[in-house]
Amino acid sequence: MNSPRSRNSLVLFMLMLTIVAVIFYSRSEATQPEILPLNEVAAKIQSGVIDRIIVDENELELIYSDGTNAFSRKEPTKTTVEQLKDLGVTQSALARENLELEIKEPSDLGTIISLITYILPALLVVGLIWFMMRQAQGTNNQALSFGKSRARMFTGDQPTVTFEDVAGIEEAKEDLEEIVEFLQEPEKFISLGARIPKGVLLIGAPGTGKTLLAKAVSGEAGVPFFSISGSEFVEMFVGVGASRVRDLFDQAKRHAPCIVFVDEIDAVGRQRGAGLGGSHDEREQTLNQMLVEMDGFDTDANVIIMAATNRPDILDPALLRPGRFDRRVILDQPDMRGREAILKVHSRGKPLEESVDLSVIGKATPGFVGADLENLVNEAAILAARRDKKTIGQDEFEESIERVIAGPERKSRLISQEEKLIVAYHEAGHAVVSHVIPESDPVHKVSIIARGMMGGFTLALPEDDRTLISRNKLLADMTFALGGRAAEELVFNDVTSGASSDLERVTKLARSMVTRLGMSDALGPMVYGQKEELVFLGREISEQRDYSESVAEKIDTEVRGLVRDAYARAKKILTEYRTSLDTIAQYLVEEETIDRETFEKIFGKPVKEKNSGTPLLSGS
């Protein structure tokens, strides 16, 4: 709905437009009196039919004997009498008693009215143009502010995010606390001859909290904070981005000390001259202007530049050299304690049941980043509200983990009993293999209820976080992924398309072990092939083969051998534990879902304590 101010402006605009139209219409449509030629006027004076002549500057009003009137014009260089004599009017005709010649003195009021009549339309047109320009500026018209910065300024008086709202990245917070301290007490550093970094580059995977951390720095420092996206600099026309960079830094210098935050800086800071299409003049000029503003001749202002990216590998080297982005803050995936701290931050103010143990949730979510955990807590709250509960319980958190990883349940999906039995044996095969292999992760949950795009799933969660993955662990993961296909062949003497995603993952993992990780005895610890990526999309488009055809054949042989060995190992395990496989599959057909405690009770083996890195999810 429009505001009263907008409605008043519209009414004023329409009123001015109406006045201009009326004036022009009245001037064009008004009946003009008949203008007689001056020689005809002379003839009528000579014949005696005109009794009175009124001279108003160059205008002549003629009054006839019968009282009617007419109009004429004279030349401005001569008097009326002189022009009439030149046209043949005799002195006796001009001097007769009934002819009255009246010269009208010009009045100031008439002059003013005449000026207003001619000037008012022009003034109204100028006022109309000015009004439209003001309205356009008031609505942030891009055509009138094309080269201006799009940065949004926050004063910092009422911070919405502080360091208390950021968890799981303590080392990154410590690095940025120095920036805050410098902005609050610069003399402490200047007295020791220290120079605070001009640029801080936040590097991390999507969802690790780069933008949130920048907001927290603004809230802690209490100084003006300019926020803009890197894509807002780049336009179709060359020079616009550079103009916006200049305008942004001019604003920042006027409000110094302050912070300028450029989100997704890789949109404008990509390496110059890179990409399939060659150079990009507009983007490169924008980058050049940013480089000059950050470390040019006039850089004494107390302005700190913060930027965020998840692609530091494609940034221009000039942007990363000392003097520009001096400090790089790495935001890694949080560990178990970090995930628990993040869950506490996002659970703040939410009604949790006393039985909720966030440390268990943090332990069950390896690989989750801050955005994933925020989504997890939100999903748990939604589930509690859907179940008409006043508090959020442990069951809602457990369910939300599965929703985030695999998607929502599709209980309405109807399948035949035969297909249900195949899915049950497929998932039971995954679970049995994972439980038997020492290097594999413990089974957390098995279900034949469809979730997302999967007809069923087996969720194996690691006990601890781990950054290094051994060769035995990778082989165990391959065997776990092939357990479903092996169970289908063992029980039904046939295979289905349910293992398509498992086969794809296993093939990629085996090829990576051979060509990237050097885990092949036949080929040795070497990397084969150089990947070429599409710079603008960040995806592989080809692989440069720096090896011969004979080596390529060996690579294929090794990959095939790894997959076959893992498949044979899975079939051997399932053959040995066939009784447990049948029992678990039958339980799944009847109950559809089995949790960790029930699974271990049915299998009859104690829980193994093992280390791993990421959760495994295998589904048909």
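Keep in mind it's a predicted model, so treat the numbers as computed, not measured.
Remark: side-chain polar atoms of S434 are paired, donor with acceptor, to backbone N or O of D441 under 3.5 angstrom. Between the side chain of K210 and the main chain of L331, no donor-acceptor pair closer than 3.5 Å is present. No donor-acceptor distance shorter than 3.5 angstrom exists from the side chain of E220 to the backbone of E177, with no hydrogens or angles considered. Using a distance-only test at 3.5 Å, with no hydrogens or angles considered, a donor-acceptor pair links the side chain of R516 to the main chain of G529. A donor-acceptor pair under 3.5 Å is absent between the side-chain atoms of R505 and the main chain of A481, judged by distance alone.
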Let me see the working for V180 and F163 under side chain to side chain contact (heavy atoms under 4.5 Å, CB included), right down to the final yes or no. CA-CA 11 Å; V180 174; F163 281 152; 4.2 Å; yes
Could you walk me through whether K473 and D477 satisfy the salt bridge (charged side-chain N to carboxylate O under 4.0 Å, His left out) test, starting with their C-alpha distance in whole Å, then the side-chain angles of each, then the deciding distance to 0.1 Å, before giving a yes or no? CA-CA 6 Å; K473 177 63 173 66; D477 292 344; 2.5 Å; yes
Derivation of the salt bridge (charged side-chain N to carboxylate O under 4.0 Å, His left out) call for R327 and E178: CA-CA 11 Å; R327 179 168 297 183; E178 295 181 6; 3.0 Å; yes
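The distance from atom CZ of F249 to atom CZ of R244, rounded to the nearest 0.5 Å, is 15.0 Å. Rounded to the nearest 0.5 Å, atoms CG (L212) and CD1 (I169) are 7.0 Å apart. Annotation: the span from F325 atom CZ to I305 atom CD1 amounts to 7.0 Å, rounded to 0.5 Å.
In this structure the side chain of L383 never reaches within 4.5 angstrom of the side chain of F397, judged on heavy atoms. Side chains of L376 and D372 form no contact here, defined as non-hydrogen atoms less than 4.5 Å apart. Looking at D175 and V200, their side chains never come closer than 4.5 Å, going by heavy atoms from C-beta outward. Residues E293 and L248 have side chains not in contact (no heavy-atom distance under 4.5 Å, counting atoms from C-beta outward). At least one side-chain heavy atom of L475 sits under 4.5 Å from a side-chain heavy atom of R471. In this structure, the side chains of L503 and L482 come closer than 4.5 Å at one or more pairs of heavy atoms. Between F368 and V404 the shortest side-chain heavy-atom distance falls below 4.5 Å. Here the side chains of E340 and P334 are not in contact, with every heavy-atom distance at 4.5 Å or above.
Applying the 6.0 Å contact sphere to CD of E170 captures more than 12 heavy atoms from other residues, nucleotides or ligands. Residue R337 places its CZ atom among 12 or fewer non-hydrogen atoms of other residues, nucleotides or ligands, all under 6.0 Å distant. Dense packing is recorded around NZ of K173, with more than 12 heavy atoms of other residues, nucleotides or ligands lying under 6.0 Å away.
At a threshold of 4.0 Å, the pair D326-R324 does not count as salt-bridged, since none of the basic side-chain nitrogens sits closer than that to a carboxylate oxygen. K508 and E504 are joined by a salt bridge, as a carboxylate oxygen and a charged side-chain nitrogen come within less than 4.0 angstrom of each other.
Taking the six-membered ring for Trp and thresholds of 30 and 60 degrees, Y547 and Y528 have ring planes more than 60 degrees apart, a perpendicular arrangement.
In this structure, M478 and L509 approach most closely via the heavy-atom pair CG-CD2, 3.5 Å. The minimum heavy-atom distance linking I203 with P312 is given by the pair CG2-CG, 3.6 Å. Considering every non-hydrogen atom in both D357 and Q394, the closest pair reads N-OE1, 3.0 Å. What you find for L343 and S347 is that their closest heavy atoms are O-OG, 2.7 Å. Of all non-hydrogen atoms in A167 and I342, the two that sit nearest each other are O-CG1, 3.3 Å. The shortest non-hydrogen separation linking A252 to F226 is CA-CE1, 3.9 Å.
For the side-chain hydrogen bond (donor to acceptor under 3.5 Å, both in side chains) criterion with D165, the lone passing option out of K215, H346, R348 is R348.
Between Q251 and D247, the side chains place a donor N or O and an acceptor N or O closer than 3.5 Å (distance only, hydrogens not considered).
Listed by first and then second residue, the salt bridge (charged side-chain N to carboxylate O under 4.0 Å, His left out) pairs involving residues 551-560 are R511-D556 (not counting sequence neighbours).
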